[in-house]
Visitor: 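Below: one structure in structure tokens.
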Protein chains: 2
Amino acid sequence: MDREERLTEALVRTTFHVTAVMTRIAAEHDLSLTQVRVLGIVSDRRVRVTDLAARTGLDKSTMSGLVDRAVARGLLRRERSPHDGRVVEVVATEAGARLVAEIRAAGMRELAPMVDAVPPAERVGLARLLDTALAAVGQG
Amino acid sequence: MDREERLTEALVRTTFHVTAVMTRIAAEHDLSLTQVRVLGIVSDRRVRVTDLAARTGLDKSTMSGLVDRAVARGLLRRERSPHDGRVVEVVATEAGARLVAEIRAAGMRELAPMVDAVPPAERVGLARLLDTALAAVGQG
DNA sequence: TATTGTTATACTCTATAACTATA
DNA sequence: TATAGTTATAGAGTATAACAATA
């Protein structure tokens, strides 16, 4: 296995672990990981259903259902755009914003054991490398 | 945001990107990411249903259904253990093994743009840091 | 005509509870 | 009694196709 493959495999294994941790945190709050992603995107701005679908890579009909369930739980609100009668903007309720903050804090806390294993002096460098890699694929 | 938080966020964003890429590859082969994980685990050894469930963090009943569908597609095979009549061992068929290899290659190929953004000299160091972090949480 | 969003439908993923078979 | 696995059930996630409303 060459260096490129070795790094790719490390990335994939890291992904599985981080996903497992986040999925568990989501479940502890009675949410799926997808719901957490949607809440996270909406937490600090109003977003159209279509944009939410694009950002998550899901179909707009799927997003419609996700928003339905989050609305039913009082975490999100739908608002019609005054500028374009077709558009629905999705907004986090207070309860939704509070929940996002909680989950974000839990994520920081529960991923800490992994992050803390990286020598402090190298943390900035590692974050920068990951940011560089993400920027290269348009996720920066 | 301190250094620890910044690194955590980079990890989470990396996770979302890698997951998106792998989910797309899985879908192109008419599989879910979960199915790919199961096939990957079984690809080079026989594994009990209970162990598969433990490894993936899923319930054994969920695993039973996943194996059902993979068997129906000719990707996996169930074999009763000769040593313990309760145990079912799951084995990859030839077609299943071929598919795993294909998907693994596609993963390497499609994650390459991200990996290639890391300067070659730093790739080993990055892989080592990730491995260290994973080892610290028992995923090494 | 094109775009935005929802609904109808069908399948997969998932867990819980109840069950069968074996140890 | 305990363990391995399946089945029944119910709900969430997902995409495709068809639809209504608006531009």
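Chain naming here is simple, since letters A, B, ... match the order of the sequence lines and numbering starts at 1 in each.
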Visitor: Find out whether A:D116 and A:R123 are in side-chain contact, i.e. whether some heavy atom of one side chain is under 4.5 Å from a heavy atom of the other.
Guide: yes
Visitor: Whole angstroms only, please: what is the CG-P distance between B:L76 and D:dG5?
Guide: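 After rounding, the gap between these two atoms is 14 Å.
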Visitor: Quick check for you: among D:dG5, C:dT14, C:dG5, whose closest atom lies nearest to any side-chain atom of A:V88?
Guide: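 Nearest listed nucleotide: C:dG5.
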Visitor: Distance check: side-chain N/O of A:S32 vs OP1/OP2 of D:dA12, anything under 4.0 Å?
Guide: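 Result: no.
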Visitor: Quick one, give me the B/S/- string for nucleotides 16-23 of chain C, reading 5' to 3', where B means a protein heavy atom under 4.0 Å from the base and S means that only happens at the primed atoms, P, OP1 or OP2.
Guide: BB---BBS
Visitor: How long is the gap from CE on A:M22 to CG on A:L111, to the nearest 0.5 Å?
Guide: 7.0 Å
Visitor: Between P on C:dC13 and CG on B:D68, what's the gap in Å once rounded to a whole number?
Guide: 11 Å
Visitor: Check every atom of C:dC13, D:dA12, D:dT6 against the side chain of B:S64 and return the nucleotide holding the closest atom.
Guide: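 Selected nucleotide (nearest to the side chain): D:dT6.
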Visitor: When you look at CZ of B:R13, are more than 12 heavy atoms from neighbouring residues, nucleotides or ligands closer to it than 6.0 Å?
Guide: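 Enclosed: over 12 neighbouring heavy atoms sit under 6.0 Å from CZ of B:R13.
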Visitor: Are OP1 or OP2 of C:dG5 and a side-chain N or O of A:R80 less than 4.0 angstrom apart?
Guide: no
Visitor: Could you tell me which non-hydrogen atom of A:A92 sits nearest to which non-hydrogen atom of A:L76, and how far apart they are?
Guide: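 Nearest pair, atom of A:A92 first, then A:L76: CA-CD2, 3.8 Å.
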Visitor: Is B:D51 paired with B:R46 through a side-chain N to carboxylate O contact shorter than 4.0 Å?
Guide: no
Visitor: If I take atom CG in residue A:L66 and atom C1' in nucleotide D:dT14, what distance separates them, rounded to the nearest angstrom?
Guide: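 For the pair A:L66 CG and D:dT14 C1', the rounded distance is 9 Å.
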Visitor: Choose from D:dT14, D:dG5, C:dT4 the nucleotide whose nearest atom is closest to any side-chain atom of A:T34.
Guide: D:dT14
Visitor: What is the separation between atom CZ on A:R69 and atom P on D:dA10, rounded to the nearest whole Å?
Guide: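 Rounded to whole Å, this separation is 18 Å.
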Visitor: In this structure, are over 12 heavy atoms from other groups packed under 6.0 Å from B:R55 atom CZ?
Guide: no
Visitor: Round to the nearest Å and state the distance from A:Q35 atom CD to D:dG11 atom C1'.
Guide: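 Going from CD in A:Q35 over to C1' in D:dG11 covers 13 Å.
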Visitor: Are A:E102 and A:R98 within salt-bridge range, i.e. N to O under 4.0 Å?
Guide: no
Visitor: Please report the interatomic distance CZ(A:R104) to CZ(A:R109), rounded to the nearest 0.5 Å.
Guide: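 Atom-to-atom, A:R104:CZ and A:R109:CZ are 14.0 Å apart.
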Visitor: Taking five pairs at each end, how big is the angle between the two axes of the helix from C:dT1-D:dA23 to C:dA23-D:dT1, to 10°?
Guide: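 Inter-axis angle at the termini of the helix from C:dT1-D:dA23 to C:dA23-D:dT1: 10°.
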Visitor: Whole-Å distance between C:dT14 P and B:L52 CG?
Guide: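 From B:L52 CG to C:dT14 P: 13 Å.
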Visitor: Rounded off to whole Å, could you give me the CG-to-C1' distance for the B:L33 and C:dT12 pair?
Guide: 13 Å
Visitor: Enter the distance from A:R73:CZ to A:L31:CG here, rounded to the nearest 0.5 Å.
Guide: 4.5 Å
Visitor: Starting from P on D:dT3, measure out to CG on B:D51 and report it in whole angstrom.
Guide: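 Between P of D:dT3 and CG of B:D51: 14 Å.
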